[in-house]
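Predicted model, so just to flag it, every value in this text is computed and none were measured.
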Amino acid sequence: MTNGNILIGEIIGTAVLILLGGGVCAAVTLKRSKAQGAGWLAITFGWGFAVLTAAYISLGVSGAHLNPAVTVGVAVQSGDWGQVPVYFAGQLVGAMLGAALVWVAYLGQFKAHLTDPETVAAHADPEGPVTTADAVRHGRTPGGPVLGIFSTGPEVRNPVQNLLTEVIGTTVLVLAILTQGMTKGLGLSGTGVLITALVVVGIGLSLGGPTGYAINPARDLGPRIVHALLPLPNKGGSDWGYAWIPVAGPLVGGLLAGGIYHLAFA
């Protein structure tokens, strides 16, 4: 695959991934949305269908990595790191584009949610702006009321546990992708994409509770940047103190999956 194909394929595919995945989070979260309150099952299956759609769209163009952790795992497996930066660039740009499209699609709902007196009061800090450490110390959430639409955050803020949760979840994902090549014709049939989507649903249901299962650095970092840049009223902070965990954890998970593949399956 040429660098141009990879860049275009990853931008389009990752944009679709975040549009549909972030879209289900917006649908469940925002006031004046018909799906508000639909719950965790809707989110996990919504992200699974997002992976399914995005991967089918981009598979023939870029290989449908759509995730820096997958790119790292494939590079460890193959020993070829030459096109890794191109994959990373396409994934980050695509994730930011997808997050911006979620904002456009739910523009009215974002306005209704963030100007609702109940929402504003629930997230108001009578002591004024605080650091992430201060917020955690006093039992407040560092991120704003719609940050969860764009990026992930932990239910229990413990950096070691949060990091390990992301490492474990991503290792499962990337190992499931790498071992598909052991079944002849599976990838070419397109069934591999379906299996990957179902694995993402399974990870969300089983391991998503502690951190929201980023399992993809671009999926978290790109939309977090967009959240910080968008002109959203009363949006609150972007929780940059936590942002390194959903980047570092999945990258380590991708490396581990590649190493396990070499040790156990190569």
Side chain of [X], backbone of [Y]: donor and acceptor closer than 3.5 Å?
| X | Y | answer |
| --- | --- | --- |
| Y87 | S62 | yes |
| H262 | V76 | yes |
| E166 | I215 | yes |

With heavy-atom distances below 4.5 Å as the criterion, would you say the side chains of [X] and [Y] are in contact?
| X | Y | result |
| --- | --- | --- |
| T14 | R219 | no |
| P145 | T119 | yes |
| L97 | I18 | no |
| D220 | S151 | yes |
| I149 | W103 | no |
| P217 | L251 | yes |
| L147 | R224 | yes |
| K31 | Q109 | no |

Please report the interatomic distance [atom1]([X]) to [atom2]([Y]), rounded to the nearest 0.5 Å.
| X | Y | atom1 | atom2 | value |
| --- | --- | --- | --- | --- |
| L205 | I43 | CG | CD1 | 11.0 Å |
| I11 | L66 | CD1 | CG | 12.0 Å |
| K111 | D116 | NZ | CG | 13.5 Å |
| L52 | L198 | CG | CG | 8.0 Å |
| I245 | N162 | CD1 | CG | 5.0 Å |
| T2 | L7 | OG1 | CG | 9.5 Å |

Quick check: closest heavy atoms across [X] and [Y], and the distance to 0.1 Å?
| X | Y | answer |
| --- | --- | --- |
| T196 | Q180 | OG1-NE2, 2.9 Å |
| L175 | T179 | O-OG1, 2.8 Å |
| A55 | V193 | CB-CG1, 3.5 Å |
| M1 | V61 | SD-O, 3.6 Å |
| R157 | P154 | NH2-CD, 3.8 Å |
| A197 | G48 | CB-O, 3.3 Å |

Cluster link Y242 to V156, ILVMFWY, side chain under 4.5 Å: no
Side-chain heavy atoms under 4.5 angstrom apart, residues restricted to Ile, Leu, Val, Met, Phe, Trp, Tyr: same cluster for L229 and L221? yes
Given side chain to side chain contact (heavy atoms under 4.5 Å, CB included), test N216 with L17 step by step and report yes or no. CA-CA 11 Å; N216 181 338; L17 171 68; 3.9 Å; yes
Apply side chain to side chain contact (heavy atoms under 4.5 Å, CB included) to residues T71 and Q83 and explain how you reach the verdict. CA-CA 9 Å; T71 300; Q83 293 178 312; over 6 Å; no
Between L178, L207, V51, N67, which is the residue that forms a side chain to side chain contact (heavy atoms under 4.5 Å, CB included) with L173? N67
Does either side chain, that of T29 or that of Q36, offer a donor lying less than 3.5 Å from an acceptor on the other one? no
Show, in sequence, the C-alpha distance, side-chain angles and deciding distance for S238 and F150, and conclude whether the side chain to side chain contact (heavy atoms under 4.5 Å, CB included) test is met. CA-CA 9 Å; S238 301; F150 294 89; over 6 Å; no
Evaluate side chain to side chain contact (heavy atoms under 4.5 Å, CB included) for F110 paired with H113, printing each intermediate quantity in order. CA-CA 5 Å; F110 273 110; H113 191 84; 5.9 Å; no
With under 30° as parallel and over 60° as perpendicular, where do the rings of Y213 and W40 fit, or are they tilted in between?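 Rings of Y213 and W40: perpendicular, over 60°.
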F88 CZ: over 12 foreign heavy atoms closer than 6.0 Å: yes
